[in-house]
Amino acid sequence: MSKYPIKKTESEWKAQLSEEQYRVLRQKGTERPFTGEYNMLFEKGTYICMACKEPLFDSSSKFDSGCGWPSFDASIEGAIEYIKDSSHGMIRTEIVCANCGGHIGHVFDDGPTPSGQRYCVNSVSIDLDKK
């Protein structure tokens with residue numbers, strides 16, 4: 001079972017998530033660049049984990065990085081777990097939801113804002129809560 005507070009079997013995740021959400025969130029997939037619904041959306045609210053609804057990013061931290069995926073310069077404190085990822089011949093830092101372990105994307109140290117961070121996020125991994 002999972003080390004995360006939300007504990008579900010893979011069958012339960014498959015029943016809850018769409019095929020694409022499951023591929024990205026549970027199998028560490030990546031959506032194609034410039035295809036996600038949140039790439040160029042800049043409405044106010046809180047971006048939450050699509051799998052468990054835990055808050056991950058405030059819309060005030062979102063910016064257009066031009067990379068093809070939604071980008072943020074900071075996460076909500078304690079919402080993200082950082083994991084070394086050496087897949088695909090690269091060394092990167094994977095970001096997962098600290099509540100359910102869902103794959104959100106990666107974070108890079110090349111952001112243009114004072115934080116220097118660019119959280120590169122799959123739209124399919126998040127949802128915008130406009131409250």
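When a residue number appears, it is its place in the shown sequence, counting from 1. All values derive from a computational prediction rather than experimental measurement.
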Query raised in the report: Per the side chain to side chain contact (heavy atoms under 4.5 Å, CB included) rule, which among Thr30, Val24, Ile95 passes with Ser125?
Result: Val24
For the student: nearest non-hydrogen atoms of [X] and [Y], plus distance:
X     : Y      : result
Thr9  : Glu12  : N-OE1, 2.7 Å
Cys67 : Cys120 : SG-SG, 3.8 Å
Ala51 : Trp13  : CB-CZ3, 3.5 Å
Ser71 : Arg118 : OG-CG, 3.9 Å
Pro55 : Ala79  : O-CB, 3.3 Å

What distance do [X] atom [atom1] and [Y] atom [atom2] have between them, rounded to the nearest 0.5 Å?
X      : Y      : atom1 : atom2 : result
Cys49  : Ile104 : SG    : CD1   : 4.5 Å
Glu54  : Ile6   : CD    : CD1   : 7.5 Å
Cys100 : Lys53  : SG    : NZ    : 10.0 Å
Arg23  : Glu31  : CZ    : CD    : 8.5 Å
Ile126 : Leu25  : CD1   : CG    : 10.0 Å
Arg92  : Met90  : CZ    : CE    : 4.0 Å

Between [X] (side chain) and [Y] (backbone), is there a donor-acceptor pair under 3.5 Å?
X      : Y      : result
Gln21  : Met50  : no
Asn122 : Val124 : no
Ser61  : Phe72  : no
Asp85  : Glu94  : no

**Report entry** Chi angles and distances behind the side-chain contact (heavy atoms from CB on, under 4.5 Å) call for Thr93, Asp109
**Finding:** CA-CA 10 Å; Thr93 302; Asp109 293 325; over 6 Å; no
Report task. Name all pairs fulfilling the salt bridge (Lys or Arg N to Asp or Glu O under 4.0 Å) condition that reach into residues 66-78, sequence neighbours left out, sorted by first residue then second. Result -> none
Report task. Just jot down the side chain to side chain contact (heavy atoms under 4.5 Å, CB included) partners of Ser60, sequence neighbours excluded, or say none. Result -> Asp58
Report task. Tell me, please, which residues at least two apart from Glu81 pass side chain to side chain contact (heavy atoms under 4.5 Å, CB included). Result -> Lys3, Tyr4, Ile83, Val96
Can [Y] be reached from [X] by stepping across I, L, V, M, F, W or Y side chains whose heavy atoms are under 4.5 Å apart?
X      : Y     : value
Leu17  : Ile48 : no
Leu128 : Ile80 : yes
Leu41  : Phe34 : no
Leu56  : Trp69 : no

**Report entry** Pair Asp127, Tyr38: side-chain N/O donor-acceptor within cut-off below 3.5 Å
**Finding:** yes
Report task. Indicate whether any N or O donor in one side chain lies under 3.5 Å from an N or O acceptor in the other, for Gln16 and Tyr22. Result -> no
Query raised in the report: Does Lys62 make a cation-pi contact with Phe42 (under 6.0 Å, within 45 degrees of the axis)?
Result: yes
Query - side-chain contact (heavy atoms from CB on, under 4.5 Å) assessment of Ser65 paired with Phe108 - result: CA-CA 12 Å; Ser65 70; Phe108 301 95; over 6 Å; no
Report task. Would you indicate whether Glu10, at its atom CD, is surrounded by more than 12 heavy atoms from other residues, nucleotides or ligands within a distance under 6.0 Å? Result -> yes
Query raised in the report: Are Tyr82 and Val107 close enough, and set up right, to give a side-chain contact (heavy atoms from CB on, under 4.5 Å), and what steps lead you there?
Result: CA-CA 8 Å; Tyr82 303 88; Val107 63; 4.0 Å; yes
